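Atoms within each ligand, like the ligands themselves, are counted from 1 in listed order. Remember, it's a predicted structure, so these values are computed and weren't measured experimentally.
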Amino acid sequence: MSRLVTSLTNPTVKSVRGLHMRKEREQSGLFVAEGLKIVTEAVELGHAPRILMYGKDAEGHALLKRAIQATLAARGEVIEVTQDILAKVSRRDNPQAVVAVFAQVFTPLTHLDPAAAPCFVALHRVRDPGNLGTIVRTADAAGCGAVILVGDCCDPFSVEAVRATMGSIFAVPIVKATEAEFAGWRSSWPGSVVGTLLSADVDHRQASYAKPALILMGNEQQGLTPDMAALCDVNVKIPMRGRADSLNLSVATGIMIYAAT
Ligand code: SAM
């Protein structure tokens, strides 16, 4: 059913290692997800692995058998690999026993249905993959309809971002849009559009989050640009009581999402 691969120069192993590079991910449209739990969740949501690699530690596990079946049914490749290969593919000393490759899915902006959820999140020029992954996970937990990446953002399918989503990358629609596309689409948004600005006067708890609420978050360094802030019905500030001058982007997004839902 599957063959044992022990060589780092094996073409499949090389191709999976290459997916650490953004260029390779963009060219192939593929990405890596690690861990049996996450791979199982992906399979349950209808995403079959293109490649499934597993080590001795996972052998015989009922969930692995299901993942292998789903991979083979979709004409994917299944290989058993050594611990050394898992470590190299994951770039970790303690790798997960299962590593899989999936097709990236981006949802077109025009396919979003505002009535499908009480809250949608838009991130302008997010830079940090850990922040992005954590936000996707929080958006999933709170039942958001999508995470929209506006402008030049980091890659939601990087290994770091996918790890931080803890599997939610398969559950939340991810959308890419230019600033102009977002501005055009926002003009027909039926609910509230709430931006977040450190210079805002309105406390985030005082704002109206008429459903569906579209929450707009700024970049880690520059914050929300004036153009983006101008697209919002209201811009709000989460009170800062101590010496810190801002919150981490993913923490601020979590507070906003739960205020809006
Ligand atoms: N130096 C940046 C600035 O002037 O906005 C700090 C950006 S902050 C690290 C990243 C993003 O998190 C902000 O653009 C905003 O969306 C959100 N954010 C962080 N703290 C916030 C707060 N207290 N109130 C509202 N939004 C906040």
Side-chain angles (χ1 to χ4, degrees), residues 109 112 114 117-156 158 160-166 168-169 172-183 185-187 189 191-261:
L109 190 58
L112 290 184
C119 181
F120 289 70
V121 183
L123 307 174
H124 189 215
R125 299 183 188 160
V126 57
R127 282 281 175 271
D128 184 287
N131 277 343
L132 175 50
T134 305
I135 290 168
V136 171
R137 181 180 179 185
T138 308
D140 179 19
C144 293
V147 172
I148 305 163
L149 304 176
V150 184
D152 185 19
C153 290
C154 63
D155 183 2
S158 69
E160 297 77 10
V162 171
R163 263 180 204 154
T165 73
M166 295 294 289
S168 295
I169 190 74
V172 179
I174 307 290
V175 179
K176 268 195 301 198
T178 63
E179 281 90 350
E181 286 165 348
F182 180 76
W185 175 80
R186 175 269 173 269
S187 61
W189 184 254
S192 54
V193 182
V194 182
T196 47
L197 269 187
L198 294 177
S199 58
D201 296 324
V202 181
D203 185 306
H204 78 292
R205 292 162 300 189
Q206 259 64 67
S208 146
Y209 297 94
K211 305 286 185 293
L214 176 58
I215 306 296
L216 189 43
M217 307 299 300
N219 161 276
E220 289 93 338
Q221 277 83 43
Q222 281 82 42
L224 208 55
T225 60
D227 284 0
M228 285 290 133
L231 295 176
C232 301
D233 299 324
V234 63
N235 283 286
V236 301
K237 178 174 184 175
I238 303 164
M240 306 288 303
R241 302 201 179 94
R243 288 183 57 83
D245 57 9
S246 70
L247 291 161
N248 163 275
L249 171 62
S250 61
V251 171
T253 309
I255 292 171
M256 290 301 298
I257 287 174
Y258 276 94
T261 51

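Atoms of ligand 1 found under 4.0 Å from any heavy atom of L224 (numbered from 1 in listed order, with element): 14 (O). The contact set between ligand 1 and V236, taken as ligand atoms under 4.0 Å from a residue heavy atom, comprises 25 (C). Close contacts of ligand 1 with L249, meaning ligand atoms under 4.0 Å from a residue heavy atom, involve 11 (C), 12 (O). If you number the atoms of ligand 1 from 1 as listed, the ones under 4.0 Å from a heavy atom of I238 come out as 22 (C), 23 (N), 24 (N), 25 (C). Applying the 4.0 Å criterion to heavy atoms of K237 picks out, from ligand 1, the atoms 24 (N), 25 (C). If you number the atoms of ligand 1 from 1 as listed, the ones under 4.0 Å from a heavy atom of G223 come out as 2 (C), 3 (C), 5 (O), 14 (O).
Residue N235 is tested with L216, V194, L198, L224 for a side chain to side chain contact (heavy atoms under 4.5 Å, CB included); the sole match is L224. Each of N131, V150, L132 was evaluated against L123; a single residue qualifies, L132, per the side chain to side chain contact (heavy atoms under 4.5 Å, CB included) test.
Taking CD from E181 and NZ from K176, the interatomic distance works out to 10.5 Å, rounded to the nearest 0.5 Å. With rounding to the nearest 0.5 angstrom, the CG atom of D152 is 5.0 Å from the CZ atom of R127.
Neither the backbone nor the side chain of N248 comes within 4.0 Å of ligand 1, counting heavy atoms alone. Under 4.0 Å from ligand 1, the heavy atoms of E220 that appear belong solely to its backbone. At a 4.0 Å heavy-atom cut-off, ligand 1 touches Q221 through the backbone alone. Only the side chain of M240 comes within contact range of ligand 1, with a heavy atom under 4.0 Å; no backbone atom does. With a heavy-atom cut-off of 4.0 Å, T253 does not touch ligand 1 at all.
Between D140 and S168, the shortest heavy-atom distance links the atoms OD2-OG, 2.6 Å. Nearest heavy atom pair, residue A117 against residue C144, reads CB-C, 3.9 Å. Shown here for P129 and E160, the closest heavy-atom pair between the two residues is CB-CB, 3.9 Å. For the pair S192 and Y209, the tightest heavy-atom approach, listed with the atom from each and the gap, is OG-C, 3.4 Å. Smallest separation of non-hydrogen atoms from R125 and C153: N-SG, 3.6 Å.
Atom 20 (N) of ligand 1 has its closest protein heavy atom at L247 N, 3.0 Å. For atom 26 (N) of ligand 1, the closest non-hydrogen atom of the protein is T196 CB, 3.4 Å. Among protein heavy atoms, the minimum distance from atom 21 (C) of ligand 1 is reached at L198 CD2, 3.4 Å. With hydrogens left out, the protein atom closest to atom 18 (N) of ligand 1 is A252 CB, 3.5 Å, a heavy atom. Of all protein heavy atoms, the one lying nearest to atom 10 (C) of ligand 1 is N219 O, 3.5 Å.
There is a side-chain donor-acceptor pair under 3.5 Å between S250 and N248.
For the pair R186 and D233, the salt-bridge criterion is met [side-chain N within less than 4.0 Å of a carboxylate O].
Where the criterion is an N or O separation shorter than 3.5 Å, residue side chain and backbone included, L197 fails it with respect to ligand 1.
In this structure the side chain of V236 never reaches within 4.5 angstrom of the side chain of Q206, judged on heavy atoms.
When P239, S250, G218 are checked for heavy-atom proximity to atom 14 (O) of ligand 1, G218 turns out nearest.
The closest approach between any non-hydrogen atom of V251 and ligand 1 is not below 4.0 Å.
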